[in-house]
Visitor: 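Quick one: structure below, then a few questions.
Remember, it's 1-based here, ligands and their atoms both numbered in the order they're listed.
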Amino acid sequence: MDKEVLKSKFLGSLVGTGVGDALGARFEGWHMVEPRAIEAVAEGQEVLAYTDDTHMMIGTAESLVRNEGFDGEHMARTFMQNYNREPWRGYGPGPPRIFRLIKAGEAWDKAAERLYHGGSYGNGSAMRIAPVGILYHDDSAKLREVAYNSSQITHSHELGKEGAALQAYAIALAVHLEPSAVLDPKEFLARLGEFIHHEVYKQKLAKIEMLLNKTDRAKVVAELGNGIEAFNSVPTAVYSFLSHSRSFEEAVLFAVSLGGDTDTIGAMTGAISGAYLGVNSIPDKWRTKLENRLYIEELADKLYESGVQK
Ligand code: R7I
Ligand code: MG
Ligand code: MG
């Protein structure tokens with residue numbers, strides 16, 4: 001693949017996370033939202049401000065760049081430092097509690113197990129995974145390992161880890177595809193199915209295929225979910241992408257319009273779509289207004305450079 005195209009995919013996935021997150025941020029917890037309302041709110045904002053999803057994605061990228069790969073202790077410390085600077089980003093209840101445990105001396109890979117009887121299956125580790133998906137797009141074994149281990153910091157439940165790995169692998173597959181080539185959704189789902197072994201996700205992938213030619217949003221929410229649990233949101237993001245694969249704008253507007261965990265499903269859809277179509281597919285009207293865009297692009301550039309050197 002052409003180097004500039006590949007680089008644009010790295011940028012697209014990280015900026016796509018931020019834009020999807022920011023577009024959904026105002027509607028988190030809503031029932032359903034009309035795409036026109038989402039556009040109108042974005043238009044009225046001077047800055048598209050992101051939430052914890054992008055804040056933690058930035059922490060993930062910062063740590064991967066700094067260590068030229070995964071270092072659990074360092075990534076946990078980076079999350080904690082970022083949280084301490086900006087605790088108002090809308091974090092879920094789990095991470096701040098885990099950060100306190102680590103600060104009190106608990107190991108980075110043990111603290112999360114103390115919550116929710118064996119760890120959280122919230123979508124918090126999948127929402128921030130884009131840097132892992134792009135950096136390891138060429139190595140699915142490493143991608144799985146780093147997705148699981150980075151999830152372990154805050155989401156040690158099997159379903160939380162598997163959700164993060166599924167989202168990372170969807171991003172990696174999207175990076176591999178030529179943006180101009182036609183995407184075969186069934187082929188894409190088959191590849192995800194080969195990668196994912198957990199029955200809960202296998203069943204969701206089968207439902208995505210069944211829903212592909214339908215546009216009934218209520219049905220999509222009923223079958224795939226729009227909640228804060230990884231298994232009720234990662235498959236929904238994959239569906240939002242696959243059912244609107246030619247347009248970043250349509251994919252993300254659809255994702256947010258489903259209601260529920262809008263910022264997170266928007267962020268994850270944006271991460272996959274941006275990884276497929278590249279950063280230029282993100283409408284200027286949104287991209288240029290994204291909070292901290294230059295810094296996010298700088299991180300994507302650095303991940304691209306470190307990937308090239310490997
Ligand atoms: O997953 P997490 O970081 O939250 C992310 C969400 C995103 O929507 C962000 O935009 C932000 O708004 O928060 O936070 P966690 O506390 O790990 O998990 C979120 C929720 O998932 C919890 O509050 C629980 O309701 C639920 N949950 C569980 N419930 C029962 N049993 C997660 N794991 C369990 C569980 O094992
Ligand atoms: Mg959020
Ligand atoms: Mg959310």
Visitor: Classify the side-chain pair His74/Ser63 by whether it contains a donor and acceptor separated by less than 3.5 Å.
Guide: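 Per modelled atom types, His74 and Ser63 side chains form a pair under 3.5 Å.
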
Visitor: Would Arg97 count as a contact residue for ligand 1, given that I'm defining contact as a non-hydrogen atom of the residue lying under 4.0 Å from a ligand atom?
Guide: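 So Arg97 does not count as touching ligand 1.
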
Visitor: Asp21 side chain to Thr17 main-chain N or O, any donor-acceptor pair under 3.5 Å?
Guide: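 Pair absent, no side-chain N/O of Asp21 close to backbone of Thr17.
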
Visitor: What protein heavy atom lies closest to atom 25 (O) of ligand 1? Include the residue and the distance to one decimal.
Guide: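 Residue, atom and distance for the closest contact: Ile228 CG2, 4.6 Å.
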
Visitor: I want to confirm something. Looking only at heavy atoms, which of Asp53, Thr154, Ile265, Thr262 is nearest to atom 10 (O) of ligand 1?
Guide: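 Considering heavy atoms of Asp53, Thr154, Ile265, Thr262, the nearest to atom 10 (O) of ligand 1 sits in Asp53.
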
Visitor: What protein N/O/S atoms are found closer than 2.8 Å to the Mg ion (ligand 2)?
Guide: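 Per the 2.8 Å query on the Mg ion (ligand 2), atoms found are Thr51 OG1, Asp52 OD1, Asp53 OD1, Asp263 OD2.
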
Visitor: Which residue and non-hydrogen atom of the protein lie closest to atom 1 (O) of ligand 1, and at what distance in Å?
Guide: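 Atom 1 (O) of ligand 1 sits closest to the protein heavy atom His155 NE2, 2.7 Å.
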
Visitor: Spell out, yes or no, whether Tyr121 and Ile265 are grouped together once hydrophobic residues are joined by side-chain heavy atoms under 4.5 Å, including indirect joins.
Guide: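 In one cluster with Tyr121: Ile265, no.
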
Visitor: Taking Lys202 for its side chain and Gly193 for its backbone only, find out whether a donor-acceptor pair lies under 3.5 Å.
Guide: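 It does hold such a pair.
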
Visitor: Evaluating non-hydrogen atoms only, which member of Gly119, Ser120, Gly92 is closest to atom 18 (O) of ligand 1?
Guide: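 Closest candidate by heavy-atom distance is Ser120.
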
Visitor: Say whether Gly124, considering both its backbone and side-chain N or O atoms, lies within less than 3.5 Å of an N or O atom on ligand 1.
Guide: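 By distance alone, the answer is yes.
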
Visitor: Show the nearest heavy-atom pair for residues Ala126 and Gly163, with the distance to one decimal.
Guide: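 Smallest heavy-atom distance, with atoms named: CB-O, 3.8 Å.
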
Visitor: Record the part of His117 in heavy-atom contact with ligand 1 below 4.0 Å; permitted values are side chain, backbone, both and neither.
Guide: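 No part of His117 is near ligand 1 at this cut-off.
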
Visitor: Mark up the atoms of ligand 1 that fall under 4.0 Å of a heavy atom belonging to Pro93, in ascending order.
Guide: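 Numbered from 1, ligand 1 contributes 16 (O), 23 (O).
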
Visitor: Please determine which of Glu297, Glu298, Glu291 meets the side chain to side chain contact (heavy atoms under 4.5 Å, CB included) test together with Tyr295.
Guide: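 That would be Glu298; it is the only one of Glu297, Glu298, Glu291 passing the side chain to side chain contact (heavy atoms under 4.5 Å, CB included) with Tyr295.
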
Visitor: What is the nearest protein non-hydrogen atom to atom 30 (C) of ligand 1, stated with its residue, atom name and distance?
Guide: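 So the nearest neighbour among protein heavy atoms is Tyr121 OH, 3.3 Å.
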
Visitor: What atoms of ligand 1 come closer than 4.0 angstrom to any heavy atom of Pro95?
Guide: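 Listed by number with element: 3 (O), 14 (O).
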
Visitor: Any side-chain donor-acceptor pair under 3.5 Å between Asn82 and Glu62?
Guide: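 Side chains of Asn82 and Glu62: pair found under 3.5 Å.
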
Visitor: Between Arg293 and Tyr50, is any side-chain donor less than 3.5 angstrom from a side-chain acceptor?
Guide: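 Judged by distance alone, the side chains do not pair up.
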
